[in-house]
2 protein chains.
Amino acid sequence: MAKEVPGAASSAGTFTERARRAQLIAVTTELVADEGYQGASLSRIAERAELSKAAVLYHVGSKDALIQAAYAHTLTALTSDVARAVQAAAPAEAPAAYIRAMIGHLGEHPRHTRMLIEALSHGVEEHASAERWQPLAEILEAAGVAGAGESRTVALVIGGGIDAIVREGLEDPDYDTAAAAEQLAALTAGSGWVRR
Amino acid sequence: MAKEVPGAASSAGTFTERARRAQLIAVTTELVADEGYQGASLSRIAERAELSKAAVLYHVGSKDALIQAAYAHTLTALTSDVARAVQAAAPAEAPAAYIRAMIGHLGEHPRHTRMLIEALSHGVEEHASAERWQPLAEILEAAGVAGAGESRTVALVIGGGIDAIVREGLEDPDYDTAAAAEQLAALTAGSGWVRR
DNA sequence: GTCTATACCCCGATAGAC
DNA sequence: GTCTATCGGGGTATAGAC
């Protein structure tokens with residue numbers, strides 16, 4: 001699509017370069033979360049960062065690259081948080097820990113949630129979808145909850161269920177996402193998931 | 001947002017008016033499904049319909065109104081199809097019928113699926129989300145699968161699971177969505193969903 | 001009632017001056 | 001490194017021909 005960005009890696013470039021990138025990612029995340037993809041125009045981003053539109057483009061290469069960077073930054077916070085919770089749990093409790101951590105993190109950071117949704121809706125490089133369900137499928141198999149032949153669909157359903165619960169919590173603040181997480185976790189542990 | 005469209009209802013207006021609207025909705029659906037929301041510009045739509053951009057706008061009022069109309073048209077095809085299948089089933093089998101009809105319809109009409117996804121991702125009037133899960137929640141309660149206190153979350157999880165399965169089938173044609181539907185239907189009937 | 005022509009403003013992106 | 005100027009293209013509004 002677009003040309004390669006000079007400082008694509010977050011660890012490259014000069015001090016000021018990295019600082020600018022970090023600032024731009026922060027501003028973009030906030031703007032995208034609050035106003036949506038379309039509302040986060042380069043002009044508005046530049047305005048908030050106190051730069052010109054062209055200067056922003058100089059640093060990030062293109063709008064899509066900027067969104068991608070903000071997306072990756074946000075996603076890393078989520079995945080590392082979830083991974084920490086999963087690793088701290090015993091294999092049998094890992095699926096429940098995954099569900100709780102996922103819904104908990106996204107419920108506590110609605111801006112992150114909106115950022116991820118907007119980015120995914122607007123042509124962020126979809127990492128094959130397998131990257132989303134495969135880790136969960138492995139967790140499920142290790143817990144003995146689903147066999148190899150069924151773990152993919154079970155993981156997809158749980159992932160989709162998490163998305164739906166988080167979205168609902170976003171639209172209706174009265175909806176108890178923590179209780180929903182427990183309900184989904186109970187389902188995972190229940191007998192319905194594995195054929196006998 | 002935008003001004004009211006002259007022939008907003010599909011049954012209003014002149015013969016040519018209705019014909020034009022139908023044609024524009026068809027062209028838009030095809031274009032959005034194949035090229036995405038951004039790829040379906042008014043210029044391209046006008047080009048395919050052999051009209052000028054302004055003429056298109058005359059008939060539909062605005063791009064968002066056009067997308068909304070195409071979305072509603074596509075959604076009606078889906079919901080009427082699913083409703084038919086559900087009504088033909090006994091209450092106890094209704095949840096499974098819902099799941100099969102939903103996944104079956106969307107699997108057979110990938111263009112419809114993409115149209116719905118694109119529209120939902122790009123600011124179509126989200127009908128409160130309740131319109132999505134409430135009908136299913138009622139089906140579940142009638143089937144005795146979920147109690148009143150839990151049917152909302154169960155319906156959300158099933159709905160999200162359906163979405164995830166359909167999306168996966170879109171990205172990976174080798175993925176067996178029919179088998180996944182059966183797996184999800186079996187879960188619904190299983191003991192995992194209801195607390196005892 | 002249907003459509004063409006035209007003009008407006010904002011968007012993302014590029015070129016070149018400072 | 002950062003700016004101004006500019007470009008093509010997007011959605012929209014209006015005037016007026018037929």
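Convention: sequence-line order gives letters A, B, ...; per-chain numbering from 1.
The residue from E93(A), E108(A), E182(A) that alone fulfils the salt bridge (charged side-chain N to carboxylate O under 4.0 Å, His left out) condition with R100(A) is E182(A).
Computed from coordinates, the D64(A) CG to dA13(C) C1' distance equals 12 Å when rounded to whole Å. Rounded to whole Å, atom P of dC3(D) lies 14 Å from atom CG of L42(A). Note: CD (E47(B)) to P (dG9(D)) measures 12 Å, nearest angstrom. Per the geometry, NE2 belonging to H122(B) stands 12 Å off P belonging to dG11(D), to the nearest Å. Going from atom CD1 of I67(B) over to atom C1' of dG10(D) covers 14 Å, rounded to whole Å. Distance, E50(B) CD to dT4(C) C1': 16 Å, rounded to whole Å. The CD-P distance, from E35(A) to dC11(C), rounds to 12 Å in whole Å. To the nearest angstrom, P of dT2(C) lies 12 Å from CZ of R21(B).
Side-chain proximity of S41(B) to the nucleotides dG10(D), dT4(D), dT4(C) is greatest for dG10(D). Closest to the side chain of A54(B), from the set dG12(C), dA13(D), dC3(C), is dA13(D). In the set dC3(D), dT2(C), dC3(C), dC3(C) carries the atom at the smallest distance from any side-chain atom of R20(B). The E17(B) side chain lies nearest to dT2(C) when the options are dT12(D), dT2(C), dA13(C).
Contact annotation for L57(B): base contact, defined as any heavy-atom pair under 4.0 Å involving a base atom. In this structure, R44(B) reaches neither bases nor backbone, as no heavy-atom distance under 4.0 Å exists between it and the strands shown. Note on S52(B): a base of the nucleic acid sits closer than 4.0 angstrom, heavy atoms only. Within the nucleic acid shown, S43(B) comes within 4.0 Å of sugar-phosphate atoms alone, with no base atom in reach, counting heavy atoms only.
Under 4.0 angstrom from either OP1 or OP2 of dG1(C) there lies no side-chain N or O belonging to H59(B). Between T14(B) and the phosphate of dT2(C), there is a side-chain N or O to OP1/OP2 separation shorter than 4.0 Å. Considering only side-chain N and O atoms, Y58(B) lies under 4.0 angstrom from the phosphate OP1 or OP2 of dT2(C).
Between Y71(A) and T29(A), the side chains place no donor N or O within less than 3.5 Å of an acceptor N or O (distance only, hydrogens not considered). Side-chain atoms of T177(B) and E168(B) form no donor-acceptor pair, as typed in the model, at a separation below 3.5 Å.
Taking the ring centre of Y58(A) as origin, the terminal cationic atom of K53(A) falls outside the region bounded by 6.0 Å and 45° from the ring axis.
Remark: H73(A) NE2 is loosely packed, at most 12 non-hydrogen atoms of other residues, nucleotides or ligands lying under 6.0 Å away.
Heavy-atom nearest nucleotides on DNA chain D were determined for K53(A) and for V56(A), and the one closer to the 5' end corresponds to V56(A). For the pair K63(A) and A55(B), both in contact range of DNA chain C, the more 5′-proximal nearest nucleotide belongs to A55(B).
Between the side chain of E118(B) and the main chain of Y37(B), a donor-acceptor pair closer than 3.5 Å is present.
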